[in-house]
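One structure is given here, and the rest of the page talks about it.
Residue numbers start at 1 and run along the sequence shown. Worth knowing before you read on, the calculation uses all heavy atoms, side chains too, and leaves out hydrogens, waters and symmetry mates.
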Amino acid sequence: QKEKDALIFLRSHGAEWLAANPPRIPSFIGAASNPEHLGLMTDMTRPDGLATGVTYHLPAARQFELYSLLFPELKSVGLLTMAGHPSSAIEEEETRAVCQQTGIELQVARCGSKSDLVMAVKRMRDRVDLLILGNQNLLIDNSAVGATLASKTPVMS
């Protein structure tokens with residue numbers, strides 16, 4: 001920060017680091033989950049401090065509005081997230097809240113590896129109406145595997 005005019009951080013871990021180490025120079029965060037939940041700012045519509053940026057975060061409530069249009073008889077979902085990733089807790093919390101409000105049954109699997117993902121999809125595919133893959137690299141990189149293994153169960157990623 002003594003040598004540069006600005007900082008650029010990527011991903012949710014970068015946002016967490018910035019939250020724990022408030023910048024003294026303008027800082028940009030990209031490709032991160034919800035910066036409010038990660039502690040980087042208090043209001044995304046009005047970034048405070050010297051940090052700003054872009055997020056891939058789409059609130060679960062909005063996602064479920066879309067799911068209900070595609071799957072009007074939706075009664076149960078399986079959410080797969082990446083174990084230990086900062087955005088996983090955010091997705092789980094928001095999804096759990098929406099499911100409780102709408103009466104949708106929720107199953108969550110935290111995957112630490114591709115083999116965990118394979119086992120979770122095989123376990124859930126015939127027990128839920130929809131599988132949702134989290135916004136973490138492990139899930140995104142293996143979305144084709146998840147979709148193939150899900151057989152006739154729809155998969156959203």
Side-chain angles (χ1 to χ4, degrees), residues 7-20 27-41 43-45 47 51-157:
L7 298 171
I8 297 174
F9 286 86
L10 299 175
R11 312 288 302 162
S12 297
H13 290 292
E16 286 184 321
W17 189 91
L18 273 176
S27 300
F28 179 88
I29 186 73
S33 187
N34 188 330
E36 291 175 11
H37 286 315
L38 294 170
L40 183 57
M41 55 189 64
D43 183 352
M44 283 196 302
T45 62
T52 190
V54 295
T55 177
Y56 60 74
H57 178 72
L58 179 63
R62 179 65 179 134
Q63 293 177 45
F64 274 81
E65 287 174 20
L66 301 171
Y67 299 156
S68 68
L69 295 173
L70 295 169
F71 311 105
E73 302 298 318
L74 188 64
K75 302 277 187 253
S76 60
V77 298
L79 174 65
L80 286 75
T81 61
M82 184 174 167
H85 194 282
S87 69
S88 295
I90 296 167
E91 288 185 36
E92 291 172 20
E93 176 186 323
E94 289 187 3
T95 301
R96 187 170 287 108
V98 171
C99 287
Q100 287 174 345
Q101 291 171 349
T102 58
I104 295 173
E105 178 189 332
L106 173 65
Q107 294 182 36
V108 175
R110 294 179 188 102
C111 306
S113 65
K114 183 178 177 179
S115 62
D116 289 348
L117 168 68
V118 167
M119 288 188 300
V121 171
K122 286 181 177 179
R123 184 177 66 249
M124 288 183 179
R125 67 182 172 200
D126 296 322
R127 297 180 183 172
V128 297
D129 299 324
L130 174 66
L131 285 168
I132 303 169
L133 303 181
N135 279 321
Q136 300 85 38
N137 282 349
L138 174 67
L139 291 275
I140 293 168
D141 292 347
N142 293 290
S143 59
V145 172
T148 300
L149 291 172
S151 187
K152 294 181 181 180
T153 303
V155 177
M156 301 301 277
S157 176

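Nearest heavy-atom pair, M41 versus A51, reported as atom, atom and distance to 0.1 Å: CE-O, 3.8 Å. When all heavy atoms of I29 and A15 are compared, the pair lying nearest together is CD1-N, 3.4 Å. In terms of heavy-atom proximity, A120 sits nearest to C111 at CB-SG, 4.2 Å. Across all their heavy atoms, M124 and G78 have their closest contact at SD-CA, 3.7 Å.
For D43, the side chain to side chain donor-acceptor pair (under 3.5 Å) partners two or more places apart in sequence, or in a different chain, are T45. By the side-chain contact (heavy atoms from CB on, under 4.5 Å) test, T55 pairs with P35, M44, H57, sequence neighbours left out. In this structure M119 satisfies the side-chain contact (heavy atoms from CB on, under 4.5 Å) test together with D116, sequence neighbours excluded. Evaluation of the side-chain contact (heavy atoms from CB on, under 4.5 Å) rule for F28 yields I8, T52, V54 as partners, not counting sequence neighbours.
Listed by first and then second residue, the ring-ring contact (aromatic ring centres under 6.0 Å, His included) pairs that reach into residues 113-157 come to none, sequence neighbours excluded. Residue pairs that meet the ring-ring contact (aromatic ring centres under 6.0 Å, His included) test with at least one member in residues 68-115, sequence neighbours left out, are H13-H85. The salt bridge (Lys or Arg N to Asp or Glu O under 4.0 Å) contacts involving residues 117-134 comprise nothing, where partners must be two or more places apart or lie in separate chains. Note on residues 82-98: pairs passing salt bridge (Lys or Arg N to Asp or Glu O under 4.0 Å), not counting sequence neighbours, are E92-R110. A ring-ring contact (aromatic ring centres under 6.0 Å, His included) check over residues 104-144, counting only residues at least two apart or in different chains, returns nothing. Sorted by first and then second residue, the ring-ring contact (aromatic ring centres under 6.0 Å, His included) pairs involving residues 137-157 (not counting sequence neighbours) form an empty list. For residues 59-71, the side-chain hydrogen bond (donor to acceptor under 3.5 Å, both in side chains) pairs, not counting sequence neighbours, are R62-E65, Q63-Y67.
The line from OG1 of T153 to CG of L130 is 9.0 Å long, rounded to the nearest 0.5 Å. Note that CG of L133 is 6.5 Å distant from CG of L117, once rounded to the nearest 0.5 Å. In this structure, the separation between CZ on R11 and OG on S33 is 9.5 Å, given to the nearest 0.5 Å. For the atom pair S12 OG and W17 CH2, the distance stands at 16.0 Å (nearest 0.5 Å). For the atom pair OG (S76) and CD1 (I104), the distance works out to 8.5 Å, reported to the nearest 0.5 Å.
In this structure, the side chains of E105 and C99 stay at 4.5 Å or more apart for every pair of heavy atoms. Between I90 and L38, the closest side-chain pair of non-hydrogen atoms falls below 4.5 Å. Looking at L80 and V121, their side chains come closer than 4.5 Å, going by heavy atoms from C-beta outward. Residues L66 and M156 fail the side-chain proximity criterion, which asks for heavy atoms closer than 4.5 Å. Residues L7 and F9 meet the side-chain proximity criterion, which asks for heavy atoms closer than 4.5 Å. Counting only heavy atoms from C-beta outward, the side chains of V77 and V128 never approach each other to under 4.5 Å.
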Listed pairs under 3.5 Å, donor-acceptor, residues 140-150 side chains, sequence neighbours left out:
| from | atom 1 | to | atom 2 | distance (Å) |
| --- | --- | --- | --- | --- |
| N142 | ND2 | L138 | O | 2.8 |
| S143 | OG | I140 | O | 3.1 |
| T148 | OG1 | A144 | O | 2.8 |

